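Before any comments, here is the structure.
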Amino acid sequence: MIDQNSISDLSQLLCLQNDQRQQLIKKVISYYHAFLDNLSEGKAYLGDADEGKALATMPFQENPYPIDQIFDVFHQAVTENGINPASGKHFGYVPGGGIETAAWGDFLGALTNRYSGINFANPGAVRMENQVIAWMCQLIGYKEGSHGSLLSGGSIANLSAIITARDHKELKARDFEKAVIYLTDETHHCVQKALRLAGMGESVIRYIPMDEKFSMQPDALETTIKKDIELGLIPFLLIGSAGTTNTGAIDPLERLADIAANDQIWFHVDAAYGGFFLLVDELREKFKGIERADSVVIDPHKSLFMPYGSGVILVKEAAHLFKSNYYTAAYLQDSMDGQEELSPADYSPELTRHFRGMRIWFSISILGISPFRKALAEKIELSHYFYHEIQKAGFEFGPFPALSISLFRYVPKEGDANEANTKLLALIHADGQIFVSSTTILGVIWIRMAILVFRAHQKEVDFAIKTIENLKNSMNLH
Ligand SMILES: Cc1ncc(COP(=O)(O)O)c(C=O)c1O
């Protein structure tokens with residue numbers, strides 16, 4: 001018999017009482033408004049904040065802390081710190097912004113805590129996730145029989161693709177040393193990491209030369225594959241990029257698809273950043289051939305503006321993804337009933353999982369698809385605008401932006417350009433009003449401008465150009 005007196009009062013405290021709930025809702029809503037109200041004027045980067053040290057003032061204890069103190073510490077330690085990815089002036093890495101409707105979708109998903117892994121547990125939640133996946137398959141141009149899995153991000157989705165390819169090709173450990181993967185220097189590094197995680201760290205990686213726009217050269221690919229066959233190696237996996245992280249370059253996907261088909265190589269496309277630009281009709285031509293890929297990675301937490309935690313693998317043939325992920329256990333025997341919908345757990349390494357489809361379904365249902373198309377088209381236009389304006393301000397530009405990522409740098413008449421741009425970047429970060437990142441290509445340091453946050457409009461881009469120009473002028477370079 002449980003001693004009610006000793007535990008029941010305290011264990012019931014996990015349910016909020018009505019007044020506590022009201023107080024929390026009030027506090028959350030006022031924080032929500034204040035956060036959004038401050039976004040346009042606030043900094044995009046705070047490198048000199050307290051680095052999260054405020055958390056040390058509130059170690060976990062048996063008793064609760066006052067709600068005001070909790071919000072103060074959260075604000076000081078987390079929100080007032082580092083990069084602000086929600087800011088329209090965040091142009092670093094691959095930003096998306098995190099739309100509000102997705103936050104509400106997450107809230108509802110977490111509150112109701114529905115399990116979307118197995119059809120039996122919640123057919124509606126599963127149907128919803130499958131609807132989201134089917135919409136993305138359609139966007140890619142996949143036909144019936146395709147499917148996918150909602151995962152946590154692009155790295156994990158690329159890992160899932162590599163494992164699927166490995167299993168489909170029935171490569172055994174003894175084959176790994178002979179298996180060849182074809183990519184370029186501009187392929188995202190999560191692919192190399194994924195190969196290692198998939199046990200294929202000793203496989204052969206061929207870095208295929210690129211053209212001046214950083215796209216793979218298909219002729220060089222063909223020659224390399226031919227040589228590898230002659231050497232007795234196993235051409236296994238071709239990875240094309242549809243929007244590289246450094247420059248947004250898109251590989252010639254149609255040509256790559258032909259080559260892969262000819263040599264029976266698994267063709268994977270990493271469209272983690274670029275994929276949702278397919279929503280813009282005028283850009284679809286650039287992606288031609290993506291529909292022929294065996295697998296594609298596309299990240300809603302990048303160009304669909306979702307908050308972090310959304311990456312998706314799509315496969316042309318559902319059976320391949322199933323083969324790599326399906327498993328069952330005696331304790332799940334009841335869940336085998338009701339197979340009308342494909343269960344996400346059968347297509348993913350995860351069993352118990354975040355109800356990821358909710359944020360996407362909720363956002364698209366509330367907002368419609370149109371604003372996403374328009375926002376992405378706007379980012380392209382802004383990148384073209386930036387291309388012209390930053391040159392007028394005296395900067396050298398990299399290749400014309402294939403999508404919404406640009407490279408630029410200042411080349412002083414005297415002195416080392418790399419040093420000058422490193423110094424300029426440090427000034428931009430110290431200033432913090434905008435945030436941009438940098439990269440090195442063939443020994444040259446470039447500043448990267450990734451225009452993707454849905455809150456970035458002409459005003460923010462103009463502000464960025466002015467800020468960069470003023471800081472460059474403050475360096476007194478010649
Ligand atoms: C092209 C590309 N692929 C993969 C990734 C990795 O995705 P994630 O950071 O979601 O793991 C990124 C991240 O920026 C990317 O740009």
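In each ligand, atom 1 is the first atom listed, and ligand 1 is the first ligand listed. If you're wondering where the values come from, they're calculated on a predicted model, not measured in any experiment.
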Parallel, tilted or perpendicular: rings of Tyr31 and Phe35 (30°, 60°): parallel
Atom 13 (C) of ligand 1: nearest protein contact (heavy atom, Å): Lys302 CE, 3.2 Å
Any Gly243 heavy atom less than 4.0 Å from ligand 1: yes
Heteroatom proximity flag, Tyr273 to ligand 1, N/O under 3.5 Å: no
Atom 11 (O) of ligand 1: the protein heavy-atom neighbour that sits closest, reported with distance to 0.1 Å: Ser155 OG, 2.5 Å
Cys190 to ligand 1, any heavy atom closer than 4.0 Å: yes
Side-chain donor/acceptor of Gln217 to backbone N/O of Met210, under 3.5 Å: yes
Gly153: numbered ligand 1 atoms lying under 4.0 Å from its heavy atoms: 10 (O)
Contact atoms of ligand 1, heavy-atom distance to Asp299 under 4.0 Å: 7 (O), 10 (O)
Parallel, tilted or perpendicular, as decided by the 30° and 60° cut-offs, for the rings of Phe322 and Tyr347: tilted
His168 and His320 aromatic ring geometry - parallel, tilted or perpendicular at 30°/60° bounds: tilted
Arg353 side, atom CZ; Ser348 side, atom OG - distance, nearest 0.5 Å: 5.5 Å
Protein contact to atom 16 (O) of ligand 1 [nearest heavy atom, distance to 0.1 Å]: Thr245 OG1, 2.8 Å
Ligand-residue contact atoms, ligand 1 with Gly154, heavy atoms, under 4.0 Å: 7 (O), 8 (P), 10 (O), 11 (O)
Aromatic ring pairing Phe435/His429, orientation class (parallel under 30°, perpendicular over 60°, tilted between): parallel
Proximity of Thr244 to ligand 1 by residue part, where a heavy atom lies under 4.0 Å: neither
Within-cut-off N or O pair, Ala272 and ligand 1, under 3.5 Å: no
Sidechain-backbone polar pair: Asn158 side chain, Gly154 backbone, donor-acceptor under 3.5 Å: yes
Atom 3 (N) of ligand 1 [closest protein heavy-atom partner, distance rounded to 0.1 Å]: Asp270 OD2, 2.7 Å
Aromatic plane relationship, Trp104 with Phe107 - under 30° parallel, 30 to 60° tilted, over 60° perpendicular: perpendicular
